[in-house]
2 protein chains.
Amino acid sequence: MRFKVPEVTIARLSLYLRCLSDLEEEGIEVISSAELGKRCGINPAQIRKDLAYFGEFGTRGVGYYVKDLKEDIKRIIGLDKEWEVALVGVGNLGRALLSYQGFKRHGFKITAAFDKVVDEERKSVMPPDCTLYHADEMEEVIRKKRLKIAIIAVHYSEAQKVADRLVKAGIKGILNFAPVRLKVPKNVTVRHIDLGIELEVLTFFVAAKR
Amino acid sequence: MRFKVPEVTIARLSLYLRCLSDLEEEGIEVISSAELGKRCGINPAQIRKDLAYFGEFGTRGVGYYVKDLKEDIKRIIGLDKEWEVALVGVGNLGRALLSYQGFKRHGFKITAAFDKVVDEERKSVMPPDCTLYHADEMEEVIRKKRLKIAIIAVHYSEAQKVADRLVKAGIKGILNFAPVRLKVPKNVTVRHIDLGIELEVLTFFVAAKR
DNA sequence: AGTTGTGAACCGATTCACAGCG
DNA sequence: CGCTGTGAATCGGTTCACAACT
């Protein structure tokens, strides 16, 4: 890609990808940006601009070939191979993530989980391809397995420390569920999922409507 | 408030709130926007602008009184009272949310959970103040309890139907974990948490760095 | 004719820079 | 003097509108 691509563009590509999968299942082979836009609630010009960051994928006068565009977007995002992911923190949230079936569909697999406690209960919730390690082994396992993406699901008081260790071990992308803004080098990407903030935003708009 | 407030502003207020709580615990009584900005990684002018939507809270030449500002922001967001929340879907994710302790700290309490299946296993994971109802009772319970905020944690194929029912029952704010963009009337606020998209954004930026 | 790809216009949010005030 | 509050400048992303192309 020639220029800096905004994160929202990638988020939308991911959205288009899902929509294209649906279209494929419905047996639709060609789609215009106008129609795709209607389906996923995005302005058609926006769709064309998003794709333009990466090349030309459409046929003028026709539209986009669903199957081709789907493959192209997969390749752009980097979903043409499976990604192994590390999970740090096997509490309630961690367990929910471990049993979340959606990951596989997207080509992600949690292959290593870390916790300060390694007991039978936790071991029993591990899916087939995932091993539970003690937190002390984090750097070693991540290096050995060459993992690049990690999910932080620990208490917020630990999150920054965990992030520092992950980065040192070679992790380049972090999905953080702890309610703290992690500080990481710029060559590492972080996405924050903060339930508190989400709920408070809702609260404000609900409370305002009166 | 005089004008339309962007959602990001509220998200940041929520962030400031946390930071102010920390400051309070540390015994710091006054803080400048510059210092607060450094702490939570936000430009100081941004902080002042965000607050300016709602009034004047600082003292020129001094800064902001931590305790006062904290209370003011709480009041602005609508956190001066406790919010009862409905949860739809008691699968893995739903259970994780039920046991998530962070809600209380923010003044949220899940008081009603709904699922198509009402069994002993599910009942056993209910926290003290929360009752499990059959999905059929959704509208009735929400109306009776006057709930305004709901969390959707059902399969994506059900999510839009659930949303429609919630809106009809009087819900004004929805936190949606299902990977579909919900269509709701404009007087209803939706926040989407989409793990697939988050991971794919990470993937892109990680894959790009090579 | 129909739809893409894209420069130009637009819009909203962020940052700057300073006047205003304690 | 120092820091807030804010108008003006800037930036980045979205939408428009049309030329280019099939």
Side-chain angles (χ1 to χ4, degrees), chain A residues 1-16 19-20 23 28-66 68-70 72-73 76 181 186 197 201 204-205, chain B residues 1-16 19-20 23 28-66 68-70 72-73 76 181 186 197 201 204-205:
Chain A
M1 96 227 57
R2 270 160 293 195
F3 297 100
K4 197 173 68 66
V5 183
E7 291 195 13
V8 275
T9 287
I10 307 300
R12 279 191 303 260
L13 286 182
S14 171
L15 195 66
Y16 307 154
C19 200
L20 291 165
L23 286 165
I28 296 169
E29 295 186 354
V30 181
I31 191 152
S32 67
S33 60
E35 193 54 40
L36 184 58
K38 209 176 290 169
R39 285 229 177 196
C40 52
I42 304 281
N43 178 304
Q46 181 77 77
I47 297 178
R48 301 198 297 273
K49 268 271 155 77
D50 285 338
L51 293 171
Y53 279 106
F54 304 99
E56 306 198 352
F57 303 97
T59 309
R60 293 170 197 230
V62 179
Y64 301 88
Y65 290 96
V66 172
D68 293 352
L69 186 58
K70 189 183 150 194
D72 286 330
I73 293 181
I76 291 167
R181 287 203 108 52
K186 341 187 221 345
I197 288 182
V201 171
F204 171 79
F205 286 100
Chain B
M1 97 225 60
R2 271 161 291 195
F3 298 100
K4 196 171 70 64
V5 183
E7 291 194 15
V8 276
T9 286
I10 307 301
R12 280 191 302 260
L13 286 182
S14 171
L15 195 65
Y16 307 154
C19 200
L20 290 165
L23 287 165
I28 295 169
E29 295 185 353
V30 181
I31 191 152
S32 67
S33 59
E35 193 54 40
L36 184 59
K38 210 175 290 169
R39 285 229 178 196
C40 51
I42 305 282
N43 178 304
Q46 181 77 77
I47 297 179
R48 300 199 297 272
K49 267 271 154 77
D50 285 338
L51 293 170
Y53 280 107
F54 304 99
E56 306 198 353
F57 302 97
T59 309
R60 291 168 197 231
V62 179
Y64 301 89
Y65 291 95
V66 172
D68 293 353
L69 186 57
K70 189 183 149 191
D72 286 330
I73 293 181
I76 291 167
R181 288 205 108 51
K186 321 187 238 348
I197 289 182
V201 170
F204 171 78
F205 286 99

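We name chains A, B, ... by the order of the sequence lines, and we start the count at 1 in each one. For the numbers below, each heavy atom of this structure counts, side chains included, while hydrogens, waters and symmetry mates do not. In this text, all values refer to a predicted model and were calculated from it rather than measured experimentally.
Checking A/Y64 against A/D72 by side-chain atom types alone, no donor-acceptor pair falls below 3.5 Å.
Nucleotide D/dT15 holds its C1' atom 12 Å from the CG atom of A/D50, rounded to whole Å. Atom CG in A/L51 sits about 16 Å away from atom C1' in D/dG13, given to the nearest Å. The nearest whole Å value for the distance from the NZ atom in B/K38 to the C1' atom in D/dC3 is 14 Å. Put simply, CG on A/L36 is 16 Å from C1' on C/dG5, counting in whole angstrom units. One interatomic measurement links the two molecules: CD of A/E7 to C1' of D/dG13, which rounds to 14 Å at whole-angstrom precision. Whole-Å rounding puts the A/D68 CG to C/dT4 C1' distance at 16 Å.
Using a 4.0 Å heavy-atom cutoff across all strands shown, B/S33 reaches sugar-phosphate atoms only and no base atom.
Remark: B/R12 is in phosphate contact with C/dT14, judged by side-chain N or O atoms under 4.0 Å from OP1 or OP2. One finds a side-chain N or O of A/Y64 lying less than 4.0 angstrom from the OP1 or OP2 phosphate oxygen of C/dG5. Residue B/T59 places none of its side-chain N or O atoms closer than 4.0 Å to OP1 or OP2 of C/dG22. The side chain of B/Y65 places no N or O atom within less than 4.0 Å of a non-bridging phosphate oxygen (OP1 or OP2) of D/dT4. Regarding contacts with the backbone of D/dT15, every side-chain N or O of A/R48 stays at 4.0 angstrom or more from both OP1 and OP2.
Taking only side-chain atoms of B/Q46, from C-beta outward, the nucleotide of D/dT15, C/dT15, D/dT4 with the closest atom is C/dT15. Among D/dT15, C/dT15, C/dG5, the nucleotide with an atom closest to any side-chain atom of B/N43 is C/dT15. Considering only side-chain atoms of B/P6, the nucleotide from D/dG13, C/dA17, C/dA13 that sits closest is C/dA13.
Between A/I42 and B/G58, the one whose closest nucleotide on DNA chain D sits nearer the 5' end is B/G58.
Residues forming a side chain to side chain contact (heavy atoms under 4.5 Å, CB included) with A/E56 (at least two apart in sequence, or on another chain): none.
Between the base of D/dG2 and the side chain of B/R60 there is no donor-acceptor pair shorter than 3.5 Å. Taking only distance into account, the side chain of A/K49 meets the base of D/dT15 through a donor-acceptor pair shorter than 3.5 Å.
Minimum heavy-atom separation, A/F204 to B/I76: CD1-O, 3.3 Å. Summarising the geometry of B/I28 relative to B/V30, their closest heavy-atom pair is CG2-O, 3.5 Å, with the distance given to 0.1 Å. For B/F57 against B/L51, the heavy-atom pair with the smallest separation is CE1-O, 3.5 Å.
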